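These notes are about the structure you will find just below.
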Amino acid sequence: MKSAPAILAELENYLKREAITKTQFAERSGIHSGTLSNMIRGRRPIAIQQLDRITQAMGQDEGFFYNLYIDNYIIDSSRDWRRIGALLQRCADLNKLDCIQRIVQHVMDNLMYSPMLFDTAEALFAKDRLAAAALLYEYVAESERSQHSERLALCHYRLFTIALGDNQDDNLRAADRFEPFVERLDEVDQLDALKELANTYRSLQRWDKVDELAGKMGHKARIQYELQQAPHRKSEESHKAPGRPLFFYIAYSDLLRGNVCDELGDYEQAFIHIYRYADLSWVKEQGEEVEYWKNLFIEWSEANICLTKLWSGDGTVIERYRTYIENHKEEQVTGLLNMMKAANKYNFNVDETLKYFEHEIEESVHELAEGRYNRKLAMDRQANLMFELAQYLLIRQDYDNGLRYLKKAVKDYKQINHEKYKMLAVAANILQHIKSTDN
């Protein structure tokens with residue numbers, strides 16, 4: 001075992017400068033005096049927990065000596081995984097990504113470390129140390145020799161979920177990069193992966209991809225459901241399960257495909273999908289979570305039946321749909337967006353609805369709406385609501401409020417890097433100029 005001269009030199013210089021003995025420093029650091037003495041003499045390596053205690057006792061910031069530790073105990077010494085793994089965990093805790101890169105670059109020439117780095121990445125992912133986990137996933141993916149391995153697919157799945165954010169261009173790139181790996185995942189993992197991909201393309205309004213992925217998810221879920229309910233499987237021990245009850249993916253497939261039909265104007269087919277997840281009498285799973293999702297799908301079906309009628313031009317359901325929005329605060333941004341799209345398409349008068357939800361609309365102007373949908377979907381829907389409101393009010397010659405909502409839409413679209421941003425920015429500037437000229 002080679003000594004660690006740089007770290008030890010720093011420690012010995014500190015002891016001389018502060019005029020304290022090894023025994024005194026041992027008491028200060030909480031390290032046994034004999035253990036400290038053996039470290040200084042190079043008879044035993046310094047564990048990362050001990051280095052943290054030494055660093056604190058010397059009055060330095062956490063991780064101050066990590067680069068020296070990498071030099072002395074990783075690069076210039078034997079590659080002890082217990083030491084490497086502990087250091088990676090601490091570097092992740094302190095967000096020292098440069099140190100993680102140095103460690104991984106040094107050890108990845110030996111592929112025996114790949115499974116251990118993957119396991120570490122999974123542990124960091126579970127702890128929400130996403131930036132550090134992403135680095136490890138990237139290195140493991142690059143080193144994977146088999147392009148059809150499940151571990152490679154899992155790396156890309158994790159990188160996809162980590163990459164999702166507010167920028168729609170980045171989300172599209174992340175989805176396109178991950179999609180070829182979905183089929184290489186475990187069959188159970190495929191369901192959640194397809195759900196996340198479909199939701200991402202949904203926020204991007206890529207309806208062809210939503211329909212394709214939702215169809216795959218539903219097909220795979222039905223096969224797994226039949227296998228799960230087969231008599232010979234009931235006595236077997238429980239195995240890996242998806243994130244939600246298995247029936248959820250079947251019903252959610254129809255919900256997404258119904259949304260696509262609504263967007264494309266195929267309302268007859270939309271009703272077919274809606275009625276499928278409205279009737280869940282076939283579900284054999286039981287439990288509190290199952291009942292929660294069953295009730296929610298039934299509730300969604302009632303709302304979407306009303307919405308599809310509205311989008312097909314049936315203005316008689318406006319009051320009914322407004323009542324639904326009123327009773328479901330978490331759905332108000334989405335509900336108002338749906339109503340405004342129908343109003344603009346069929347020239348419905350929804351002035352009373354806007355007056356009724358005036359406070360909620362103003363809240364949406366000033367802050368991001370919250371709900372059960374993920375952030376990227378919420379931001380996209382809020383931006384679209386501002387645009388539809390602007391269109392509705394400008395047509396009715398309410399130029400002050402119409403322009404205000406249009407500017408808000410421009411700001412929101414810019415934040416998520418939506419393709420409408422530049423076009424609407426030009427329109428807003430023209431309207432502002434006309435308004436200023438008139439004044």
Side-chain angles (χ1 to χ4, degrees), residues 166 168 202-205 207 259 262-265 267 306-326 329 331-369 371 373 376-439:
D166 298 341
Q168 295 288 48
R202 185 187 188 188
S203 72
L204 295 164
Q205 299 181 29
W207 305 117
N259 287 167
D262 276 335
E263 292 291 341
L264 299 181
Y267 303 115
C306 183
L307 175 60
T308 301
K309 288 182 178 180
L310 186 64
W311 277 7
S312 64
D314 184 354
T316 63
V317 297
I318 289 178
E319 287 297 318
R320 180 178 162 192
Y321 192 63
R322 189 179 82 178
T323 301
Y324 172 81
I325 299 173
E326 179 185 357
K329 184 174 176 59
E331 299 282 351
Q332 283 178 358
V333 170
T334 303
L336 286 168
L337 169 61
N338 291 332
M339 184 173 287
M340 295 312 303
K341 288 171 71 174
N344 286 330
K345 182 178 180 179
Y346 296 107
N347 198 29
F348 293 146
N349 187 320
V350 293
D351 289 349
E352 288 188 14
T353 298
L354 295 185
K355 185 176 181 181
Y356 187 86
F357 289 107
E358 183 178 2
H359 176 70
E360 288 76 11
I361 292 172
E362 286 305 307
E363 282 187 344
S364 295
V365 172
H366 298 294
E367 57 187 49
L368 177 64
Y373 299 105
K376 62 182 182 297
L377 276 173
M379 293 186 69
D380 182 75
R381 285 171 175 166
Q382 181 167 287
N384 288 333
L385 173 59
M386 295 300 109
F387 171 70
E388 295 292 342
L389 283 168
Q391 184 179 347
Y392 179 84
L393 292 170
L394 289 171
I395 289 174
R396 282 155 180 76
Q397 300 183 357
D398 185 350
Y399 298 117
D400 287 338
N401 286 316
L403 183 58
R404 182 165 67 94
Y405 289 132
L406 184 59
K407 288 180 178 178
K408 172 61 176 173
V410 170
K411 181 180 178 181
D412 288 348
Y413 283 132
K414 182 178 181 180
Q415 188 173 355
I416 60 177
N417 204 18
H418 197 288
E419 59 184 7
K420 288 183 180 179
Y421 157 61
K422 292 182 180 179
M423 176 186 69
L424 292 183
V426 172
N429 287 334
I430 292 173
L431 287 172
Q432 182 67 58
H433 177 72
I434 293 173
K435 184 172 179 293
S436 299
T437 303
D438 291 343
N439 291 339

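What you are looking at is a predicted structure, and each value in this text was computed from that prediction instead of being measured.
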For this session: Please round to the nearest 0.5 Å and tell me the distance separating atom OH of Y321 and atom CG of D314.
Result: 14.0 Å
Seminar exercise, completed: Interatomic distance, CD1@I395 vs CG@N347, rounded to 0.5 Å, equals 7.0 Å
For this session: Kindly indicate whether a cation-pi arrangement holds for R320 with Y324, taking the cut-offs as under 6.0 Å to the six-membered ring centre and within 45° of the axis.
Result: no
Problem set entry | Shortest non-hydrogen separation from A390 to G402 and the atoms involved | CB-O, 3.3 Å
Exercise. Taking L354 as the fixed residue, which of N349, I361, N401 is the one that meets the side-chain contact (heavy atoms from CB on, under 4.5 Å) rule?
Worked result: I361
For this session: Taking the side chain as every heavy atom from C-beta outward, state whether I325 and E360 have any pair of such atoms under 4.5 Å apart.
Result: no
Exercise. Hey, what do you get for CE (M340) to NZ (K345), rounding to the nearest 0.5 Å?
Worked result: 15.0 Å
Problem set entry | Student check: side-chain heavy atoms of E263 and W311 closer than 4.5 Å | yes
Exercise. Under 4.0 Å between a Lys/Arg side-chain N and an Asp/Glu carboxylate O for E319 and R322?
Worked result: yes
For this session: Could you grab the distance from atom CG of D380 to atom CD of Q168, nearest 0.5 Å is fine?
Result: 5.5 Å
Problem set entry | Side-chain touch Q205/N384, heavy atoms, less than 4.5 angstrom | yes
Exercise. With side chains defined as the heavy atoms from C-beta onward, is the minimum distance between E358 and Y356 less than 4.5 Å?
Worked result: no
For this session: Measure the shortest side-chain to side-chain distance between K408 and F387 over non-hydrogen atoms and say whether it is less than 4.5 angstrom.
Result: no
For this session: Check the surroundings of atom NZ in K309: do more than 12 heavy atoms from other residues, nucleotides or ligands lie under 6.0 Å from it?
Result: no
For this session: Output, in order, the C-alpha distance, side-chain angles, deciding distance and verdict of side-chain hydrogen bond (donor to acceptor under 3.5 Å, both in side chains) for Y392 and D351.
Result: CA-CA 10 Å; Y392 179 84; D351 289 349; 2.7 Å; yes
For this session: Test E326 against F357 for side-chain contact (heavy atoms from CB on, under 4.5 Å), laying out the working first.
Result: CA-CA 8 Å; E326 179 185 357; F357 289 107; 4.1 Å; yes
Seminar exercise, completed: Closest heavy-atom pair, A409 versus A383, reported as atoms and distance to 0.1 Å, is CB-O, 3.9 Å
Problem set entry | Polar side-chain atom of E388 near backbone of A342 as donor-acceptor pair, under 3.5 Å | no
Problem set entry | Interatomic distance, L337 atom CG to R381 atom CZ [nearest 0.5 angstrom] | 8.0 Å
Exercise. Going from CG on N338 to CG on L310, what distance comes out if it is rounded to the nearest 0.5 angstrom?
Worked result: 8.0 Å
